[in-house]
Amino acid sequence: MTIESSISKGVKDAALALYSADVADNQVQLQETRKEFSGDITVVIFPFLKISKKSPEQTGQEIGEFLKIQLPEIEGFSIVKGFLNLTINRNYWLSFLNEIIPNANYGYAMPNSTGHSVMVEYSSPNTNKPLHLGHVRNNLLGFSVSKILKANGHNVIMVNLVNDRGIHICKSMLAWKKWGNGATPITTGKKGDHLVGDYYVKFDAEYKKEIKHFIDKGLTQEEAEKQAPLIKQAQEMLRKWEAKDNDTVTLWETMNSWVYKGFDETYQKMGVTFDRVYYESQTYLHGKDIVNKGLKDNILYQKPDNSVWADLTNEGFDEKLLLRSDGTSVYMTQDLGTACQRFNEYHVDEMIYVVGNEQDYHFKVLSLVLQKLGYSWASQLKHMSYGMVELPSGKMKSREGTVVDADDLVTEMIDTAQAMADELGKLDGYTAQQAENIYRIIGLGALKYFILKVDPKKNMTFDPKESIDFNGNTGPFIQYTYTRIQSIIRKASEMGIVIPHSIDTQIIIGEKEKQLIKLLYKYPAIVRDAGSMLSPALIANYVYEVAKEYNQFYHEFSILKEENIIIRNFRLALSQITGKVIQSAMDLLGVEVPERM
RNA sequence: GGUUCCGUAGCUCAGUUGGAUAGAGCAACAGCCUUCUAAGCUGUGGGUCACGCGUUCGAAUCGCGUCGGAAUCACCA
């Protein structure tokens with residue numbers, strides 16, 4: 001039983017004994033005592049004034065006295081206005097440390113202990129251009145959320161859905177055929193996804209020229225866009241692809257294989273992984289069967305031009321197209337098919353889509369249509385909607401060349417880490433290989449932490465030049481704190497000190513030390529909250545607090561030089577546990593911690 | 001225009017069942033390295049929590065309205 005639940009129960013007992021009143025659980029409000037007051041846990045007294053019919057001070061006094069007698073952990077209390085501040089004795093906190101020392105997975109639930117399985121889809125790139133900053137946020141969120149859900153005891157399946165078909169890919173293919181001169185990643189030395197992306201850009205530039213040409217001849221913008229030979233050729237290519245034309249399919253396979261190789265490299269560099277990759281080219285047809293069945297069952301309806309629709313007006317939405325008049329499928333059709341396939345294959349309890357908030361409408365409709373079609377799991381689809389990443393100059397636009405490329409960004413971060421480390425002379429005496437690994441860990445740590453510390457729901461601003469810092473509330477700051485701890489532990493070991501597995505619970509500890517223990521105590525609750533709210537930001541902000549608190553402790557107390565061996569060992573053990581929690585929390589964010597830096 | 005989301009310090013962000021004097025970091029300024037890694041620690045300044053009204057013992061948090069921003073409402077994905 002946690003100390004909070006003991007107190008909560010005690011307060012209810014007090015209300016019954018003192019005022020003969022039953023109070024509901026949610027009437028008992030506990031919170032951390034604010035730092036400016038003495039105490040650890042605070043009971044809010046206001047809700048009890050009606051039943052006590054006394055002043056807040058008097059009521060607090062009575063409940064406080066009751067609790068102190070009932071609960072041995074409570075050492076004393078004080079009342080400020082309507083707040084009863086309880087002080088928990090040091091013995092309790094030290095015993096708690098003793099409990100978590102042997103626990104290798106402190107903060108985590110047992111793997112697969114909930115019996116709940118959840119599939120997380122993230123990344124979902126198009127194969128016509130390389131990954132950019134927007135994908136970076138998506139990848140980091142998806143990977144971190146998956147880890148957090150695992151830490152909560154769920155069985156998690158991480159999947160990627162590659163959008164490998166459609167007109168956008170034909171544009172790249174066409175441009176490559178016209179202007180590529182047979183260029184390949186090998187002949188150009190270019191990463192495959194970047195090479196293909198270049199032809200997508202080339203297409204767009206040439207297409208614009210054609211449009212301008214037609215407008216100059218007197219056509220409207222809209223007419224010009226439709227008349228341009230390039231777009232017609234691209235559409236023709238798509239039709240050939242759907243008809244399985246040999247040359248087209250071969251080219252498509254070749255260029256996609258370049259892109260996948262490039263993506264794999266980027267994923268590997270970022271440290272994200274998938275259990276299963278789906279390709280839209282393989283799933284897009286399944287949706288049609290589902291729609292046709294819905295039509296037969298009169299759940300969907302057909303318009304005179306043969307297009308198929310779902311009527312969602314009763315649910316407060318519009319009608320939604322599910323099949324075009326020519327019988328081809330749209331985005332929604334594919335997603336219906338993919339969802340069905342996944343639930344059939346994996347029988348998951350929950351499906352989480354990590355997709356930007358620009359698609360809020362799409363996922364509401366997706367879930368609704370599936371519910372209408374009678375799938376019992378339809379309500380278990382969850383859209384983890386995250387905000388856009390904006391640049392100081394505004395939105396990123398591929399066509400205007402204002403995108404921040406994922407590979408460039410990672411490289412830049414690692415280079416910055418290197419420049420910083422070299423300037424500080426931190427890694428003198430390391431081999432080039434060791435040093436490079438540390439630059440990588442720090443550079444990526446800075447990037448990942450910077451993005452994940454922001455509430456996923458919110459749009460965020462990213463300034464590639466100025467936003468990334470290595471001091472303050474940053475990944476490297478937390479990593480640095482970890483290396484400080486590891487350094488002490490190494491030194492202790494060199495001195496022949498064995499950190500004990502059990503601490504004397506009678507020792508006198510300082511306020512800062514207690515603060516740190518209390519923070520570590522919160523970790524499992526933070527992991528739970530992060531899981532239920534799908535928010536890595538909670539973990540990020542927590543681990544920052546831990547690092548900050550530890551640095552203050554580190555500054556205030558000597559550890560290895562402490563003469564009292566019992567106290568010294570306590571501080572060593574506290575440091576070690578702090579290090580473990582930092583490592584564990586950072587791991588949930590997908591961030592590595594170095595042993596030195 | 002309809003719907004949804006957002007607006008907290010110069011900048012980037014915390015603040016989650018409503019709770020005490022709204023917190024960090026960056027930037028600025030002032031201190032701390034013969035002592036466990038100064039990528040650290042300490043201090044100073046900086047706020048009409050967009051605005052108004054309401055609910056409440058109590059509102060950054062809940063409700064209504066106004067202003068400002070974003071997304072979306074495609075036979076695009």
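Only a predicted model underlies this, so the values are computations on that prediction, with no experimental measurement involved. Just so we're on the same page: letters track the sequence lines, and every chain starts at 1.
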Might you list the N or O atoms of the protein lying below 3.5 Å from N or O atoms in nucleotides 33-36 of chain B, with each pair's distance?
{"residue": "U35(B)", "atom": "O2'", "partner": "K561(A)", "partner atom": "NZ", "Å": "2.5"}
{"residue": "C36(B)", "atom": "O3'", "partner": "K491(A)", "partner atom": "NZ", "Å": "3.4"}
{"residue": "C36(B)", "atom": "O2", "partner": "I559(A)", "partner atom": "N", "Å": "3.4"}
{"residue": "C36(B)", "atom": "O2", "partner": "L560(A)", "partner atom": "N", "Å": "3.0"}
{"residue": "C36(B)", "atom": "N3", "partner": "I559(A)", "partner atom": "N", "Å": "3.1"}
{"residue": "C36(B)", "atom": "N4", "partner": "Y554(A)", "partner atom": "O", "Å": "2.6"}
{"residue": "C36(B)", "atom": "N4", "partner": "F557(A)", "partner atom": "O", "Å": "2.3"}

(request) Side chain of S325(A) only, please: which of C75(B), U21(B), G40(B) is the nearest? (result) C75(B)

(request) Using a cut-off of strictly less than 4.0 Å, decide whether R324(A) has a side-chain nitrogen or oxygen near OP1 or OP2 of A74(B). (result) no

(request) Indicate whether OP1 or OP2 belonging to G69(B) is found under 4.0 Å from a side-chain N or O atom of K458(A). (result) no

(request) Figure out the NE2/P separation between H383(A) and A77(B), and round it to whole Å. (result) 18 Å

(message) Between A22(B) and U44(B), how far apart are the two P atoms, rounded to whole Å?
(response) 16 Å

(request) Side chain of N541(A) only, please: which of U42(B), A14(B), C75(B) is the nearest? (result) A14(B)

(request) Could you note down all residue pairs passing salt bridge (Lys or Arg N to Asp or Glu O under 4.0 Å) where residues 555-565 of chain A supplies at least one of them, sequence neighbours left out? (result) E562(A)-R571(A)

(request) Determine, stepwise, if the pair E236(A) / R239(A) fulfils salt bridge (charged side-chain N to carboxylate O under 4.0 Å, His left out). (result) CA-CA 5 Å; E236(A) 172 59 22; R239(A) 276 191 290 274; 3.4 Å; yes

(request) Considering only NZ, NE, NH1 and NH2 on the basic side and carboxylate oxygens on the acidic side, decide whether D360(A) and K364(A) come within less than 4.0 Å. (result) no

(message) Taking atom types as they are modelled, would you say the side chain of K426(A) forms a donor-acceptor pair with the base of U37(B) within the 3.5 Å cutoff?
(response) yes

(request) Taking only heavy atoms on the protein side, list every residue of residues 472-483 of chain A lying under 4.0 Å from any atom of RNA chain B, sorted numerically. (result) G472(A), N473(A), F477(A), Y480(A), T483(A)

(request) Could you tell me whether A492(A) contacts a base, only the sugar-phosphate backbone, or nothing, with contacts defined as non-hydrogen atoms closer than 4.0 Å? (result) nothing

(message) Any base atoms under 4.0 Å from Q359(A), or only sugar-phosphate, or nothing? Heavy atoms, all strands.
(response) base

(message) Strictly below 4.0 Å: does Q29(A) bring a side-chain N or O up to OP1 or OP2 of G18(B)?
(response) no

(message) Assess whether a salt bridge exists between E32(A) and K522(A), defined as any Lys/Arg side-chain N lying under 4.0 Å from an Asp/Glu carboxylate O.
(response) yes

(message) Would you measure the distance from the C1' atom in A50(B) across to the matching atom in C6(B) and give it in whole Å?
(response) 12 Å

(request) Nearest whole angstrom, please: distance from the C1' of U42(B) to the CD of Q552(A). (result) 10 Å

(request) Could you list all the salt bridge (Lys or Arg N to Asp or Glu O under 4.0 Å) pairs where at least one residue sits in residues 436-456 of chain A, not counting sequence neighbours? (result) R440(A)-E592(A), D455(A)-K457(A)

(request) Represent RNA chain B in dot-bracket notation, 5' to 3'. Only Watson-Crick or G-U wobble pairs with both distances under 3.5 Å count; pseudoknot-style crossings use [ ] and interstrand partners use |. (result) (((((((..((((.....[...)))).(((((.......))))).....(((((..]....))))))))))))....

(request) Answer yes or no for this row: F83(A) ring on G19(B) base, centroids under 5.5 Å, planes under 30°. (result) no

(message) Using a heavy-atom cut-off of 4.0 Å across all strands, would you classify M460(A) as base, sugar-phosphate, or nothing?
(response) sugar-phosphate

(message) Between Y554(A) and S575(A), is there a side-chain donor-acceptor contact under 3.5 Å, judged purely by atom types and distance?
(response) no

(message) Please enumerate all residues that pass salt bridge (Lys or Arg N to Asp or Glu O under 4.0 Å) together with E225(A), with sequence neighbours excluded.
(response) none

(request) For the residue pair S172(A) and N128(A), confirm or rule out a side-chain donor-acceptor distance under 3.5 Å. (result) no

(request) With H362(A) as reference, evaluate F317(A), Y331(A), Y353(A) under the ring pair (Phe, Tyr, Trp, His ring centres under 6.0 Å) test and give the passing residue. (result) Y331(A)

(request) Flag the pair Y544(A) / F477(A) as yes when their ring centroid distance falls below 6.0 Å, and as no otherwise. (result) yes

(message) Measure CD1/I526(A) against P/A14(B) and give the value in whole Å, please.
(response) 15 Å

(message) Using only atom types and a distance under 3.5 Å, with no angle test, would you say the side chain of T87(A) pairs donor to acceptor with the backbone of F77(A)?
(response) no

(request) Report the distance from atom CD of E225(A) to atom C1' of A74(B), rounded to the nearest whole Å. (result) 14 Å

(message) Counting the atoms with a prime plus P, OP1 and OP2 as sugar-phosphate, which does L49(A) contact under 4.0 Å by heavy atoms, base, sugar-phosphate, or nothing?
(response) nothing

(request) Quote, to the nearest angstrom, the P distance that separates U17(B) from U61(B). (result) 13 Å

(request) Could you check K303(A) against E319(A) for salt bridge (charged side-chain N to carboxylate O under 4.0 Å, His left out), going step by step and ending with a plain yes or no? (result) CA-CA 12 Å; K303(A) 288 194 176 178; E319(A) 18 178 40; 3.2 Å; yes

(request) For T42(A), report the nucleic acid contact type (base, sugar-phosphate, nothing); a contact means any heavy atom under 4.0 Å. (result) base

(message) Classify D164(A) by what it touches in the nucleic acid, base, sugar-phosphate, or nothing, heavy-atom distance under 4.0 Å.
(response) nothing

(message) Say we look at A59(B) and A20(B): how far apart would their C1' atoms be, to the nearest angstrom?
(response) 14 Å

(message) Within the 4.0 Å heavy-atom criterion, would you say F46(A) contacts the bases, only the backbone, or no part of the nucleic acid?
(response) base

(request) Would you check if there is a donor-acceptor pair between the side chains of N85(A) and T42(A) at a distance under 3.5 Å? (result) yes

(request) For nucleotides G7(B) and A60(B), find the distance between their C1' atoms and express it as a whole number of Å. (result) 11 Å

(request) For K50(A) and G58(B), give me the distance from atom NZ to atom C1', rounded to whole Å. (result) 12 Å

(request) Measure from CZ on F450(A) to P on C13(B) and round the result to the nearest Å. (result) 7 Å

(request) Please state the P separation for the pair U21(B) and C26(B) - nearest whole angstrom. (result) 28 Å

(request) In whole angstrom, give the distance that lies between atom CG of D305(A) and atom C1' of C75(B). (result) 8 Å

(request) Can you tell me, in whole Å, how much space there is between the P of A9(B) and that of A14(B)? (result) 13 Å

(message) Does V330(A) reach a base, just sugar-phosphate, or nothing at all? Heavy atoms under 4.0 Å.
(response) sugar-phosphate

(request) Would you mind telling me which residue lines up with the more 5' stretch of RNA chain B, Y544(A) or E319(A), judged by nearest nucleotide? (result) Y544(A)

(request) For G40(B) and A27(B), measure between their P atoms and round to the nearest Å. (result) 10 Å

(request) Say whether, by atom type as modelled, one donor and one acceptor occur between the side chain of N138(A) and the main chain of Y122(A) under 3.5 angstrom. (result) no

(request) By nearest nucleotide on RNA chain B, pick out whichever of V454(A) and S307(A) is the more 5' one. (result) V454(A)

(message) Parallel, tilted or perpendicular: which one describes the rings of W241(A) and Y284(A), with boundaries at 30° and 60°?
(response) tilted

(request) Using whole Å, report how far CE of M597(A) lies from C1' of A39(B). (result) 5 Å

(message) Can you tell me if N471(A) touches the phosphate of G40(B), counting only side-chain N or O atoms and a distance under 4.0 Å to OP1 or OP2?
(response) yes

(request) Check the chi torsion on C33(B) and let me know: syn if it falls within 90° of 0, anti if not. (result) syn

(message) Any side-chain N or O of K548(A) below 4.0 angstrom from OP1/OP2 of G25(B)?
(response) yes

